[in-house]
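This report refers to the structure that appears directly beneath it.
Values below: all heavy atoms of this structure, side chains included; hydrogens, waters and symmetry mates excluded.
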Amino acid sequence: EVELVESGGGSVQAGGSLRLACTASGFTFDGSYMGWFRQAPGNECELVSDINLDGSTYYADSVKGRFTTSQDNAKNTVYLQMNSLKPEDTAVYYCAADESWQGRAALCGTWPSKYWGQGTQVTVSS
């Protein structure tokens with residue numbers, strides 16, 4: 001059984017930093033697709049960043065230069081380092097994984113990636 005467990009969410013003031021972690025069991029991130037998504041109340045699910053099968057990374061324009069995705073294959077964990085946080089970054093953040101790239105549209109927590117974390121709340125106050 002595949003399980004993705006997220007950690008690292010919380011509350012921070014604008015300008016602060018948080019690091020999210022997504023650890024997988026029953027699934028290997030190395031050579032697979034992995035994405036970070038977020039959803040704020042009243043908003044659609046948004047792809048924040050992903051790592052494709054070839055190791056290339058994508059960042060949404062809204063986070064480019066502030067967020068960094070990295071991968072520790074020995075720990076089977078992917079990280080999202082979030083710096084210079086803004087109130088508009090407030091959302092529930094989800095990690096997702098699949099054996100292949102699934103595109104950028106998603107319903108957070110359910111589709112289209114096969115595997116999803118439980119979601120972790122990030123709140124940025126002004």
Side-chain angles (χ1 to χ4, degrees):
E1 181 183 357
V2 174
E3 187 176 22
L4 304 182
V5 178
E6 301 172 28
S7 59
S11 298
V12 66
Q13 288 193 323
S17 297
L18 286 172
R19 188 177 78 160
L20 305 183
C22 177
T23 300
S25 58
F27 184 88
T28 301
F29 283 130
D30 190 15
S32 301
Y33 170 81
M34 185 280 163
W36 288 102
F37 295 80
R38 68 184 180 186
Q39 188 162 23
N43 288 6
E44 293 185 348
C45 183
E46 174 190 14
L47 174 63
V48 175
S49 175
D50 66 20
I51 300 177
N52 216 325
L53 277 67
D54 62 359
S56 60
T57 54
Y58 163 85
Y59 295 96
D61 287 343
S62 57
V63 306
K64 209 171 286 184
R66 300 188 297 121
F67 290 12
T68 304
T69 295
S70 61
Q71 190 169 319
D72 185 335
N73 292 331
K75 296 182 178 179
N76 208 26
T77 297
V78 180
Y79 302 97
L80 182 67
Q81 178 67 44
M82 305 185 294
N83 298 329
S84 303
L85 282 161
K86 303 176 181 180
E88 51 263 43
D89 294 319
T90 295
V92 177
Y93 284 70
Y94 298 84
C95 62
D98 206 306
E99 287 84 1
S100 62
W101 186 67
Q102 298 295 319
R104 294 182 181 149
L107 296 176
C108 282
T110 61
W111 176 91
S113 293
K114 280 183 190 172
Y115 313 114
W116 290 84
Q118 78 280 12
T120 186
Q121 177 70 46
V122 171
T123 302
V124 184
S125 58
S126 57

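The cluster map of Ile, Leu, Val, Met, Phe, Trp and Tyr, joined by side-chain heavy atoms under 4.5 Å apart, puts V5 and Y93 in different clusters. Linking Ile, Leu, Val, Met, Phe, Trp and Tyr whenever their side-chain heavy atoms come within less than 4.5 Å puts F27 and L80 in one cluster. Both I51 and L20 are part of a single hydrophobic cluster, where members link through side-chain heavy atoms under 4.5 Å apart. Criterion: ILVMFWY side-chain heavy atoms under 4.5 Å apart, direct or through other members. Under it, L18 and W36 are part of a common hydrophobic cluster.
Shortest non-hydrogen contact noted between T28 and S32 is O-OG, 2.8 Å. Closest of all the heavy-atom pairs between S17 and N83 is OG-OD1, 2.9 Å. When all heavy atoms are compared, the tightest approach of A105 to P112 is O-CD, 3.3 Å. Taking each heavy atom of A40 and A91 in turn, the nearest pair found is N-CB, 3.8 Å. C45 and A106 make their closest contact through CB-O, 3.3 Å (heavy atoms, listed as atom of the first residue, atom of the second, distance). Nearest heavy atoms, G117 versus E6: CA-OE2, 3.2 Å.
Atom OH of Y115 is separated from atom CG of D98 by 7.0 Å, given to the nearest 0.5 angstrom. Rounding to the nearest 0.5 angstrom, the gap separating the OG1 atom in T23 from the OH atom in Y79 is 6.5 Å. Atom CD of residue Q71 and atom CG of residue D30 lie 6.0 Å apart, to the nearest 0.5 angstrom. The structure places CD of Q121 at 7.0 Å from OG1 of T90, a figure rounded to the nearest 0.5 Å. In this structure, L4 CG and M34 CE are separated by 7.5 Å, a value rounded to the nearest 0.5 Å. With values rounded to the nearest 0.5 angstrom, N43 atom CG is found 9.0 Å from R38 atom CZ.
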For this session: Step by step, work out the side-chain contact (heavy atoms from CB on, under 4.5 Å) result for T69 and D50.
Result: CA-CA 7 Å; T69 295; D50 66 20; over 6 Å; no

Exercise. Which is it for K64 and D61 under the salt bridge (Lys or Arg N to Asp or Glu O under 4.0 Å) test, yes or no, and what are the steps along the way?
Worked result: CA-CA 5 Å; K64 209 171 286 184; D61 287 343; 3.1 Å; yes

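Between the side chain of R104 and the main chain of L47, no donor-acceptor pair closer than 3.5 Å is present. A donor-acceptor pair is defined here as one N or O able to donate and one able to accept, closer than 3.5 Å; no such pair exists between the side chain of N76 and the backbone of S25. Without hydrogens or angle criteria, N52 side chain to D54 main chain gives no donor-acceptor distance under 3.5 Å.
Taking the six-membered ring where the residue is Trp, Y94 and W116 present perpendicular rings, their angle passing 60° and hence far from 30°.
With contacts defined as side-chain heavy-atom distances shorter than 4.5 Å, the pair Q102/W111 does not qualify. Residues S62 and E88 are not in side-chain contact: their nearest non-hydrogen atoms beyond the backbone lie 4.5 Å or more apart. Counting heavy atoms from C-beta on, the side chains of M82 and V122 come closer than 4.5 Å. For the pair F29/D72, no side-chain contact is recorded, criterion being any heavy-atom separation below 4.5 Å from C-beta on. The closest side-chain heavy-atom distance from S100 to Y33 is not below 4.5 Å.
Checked options T68, L85, V48; the residue passing with V63 is V48 (criterion: side-chain contact (heavy atoms from CB on, under 4.5 Å)).
Crowding of Q118 atom CD: a count of heavy atoms from other residues, nucleotides or ligands under 6.0 Å exceeding 12.
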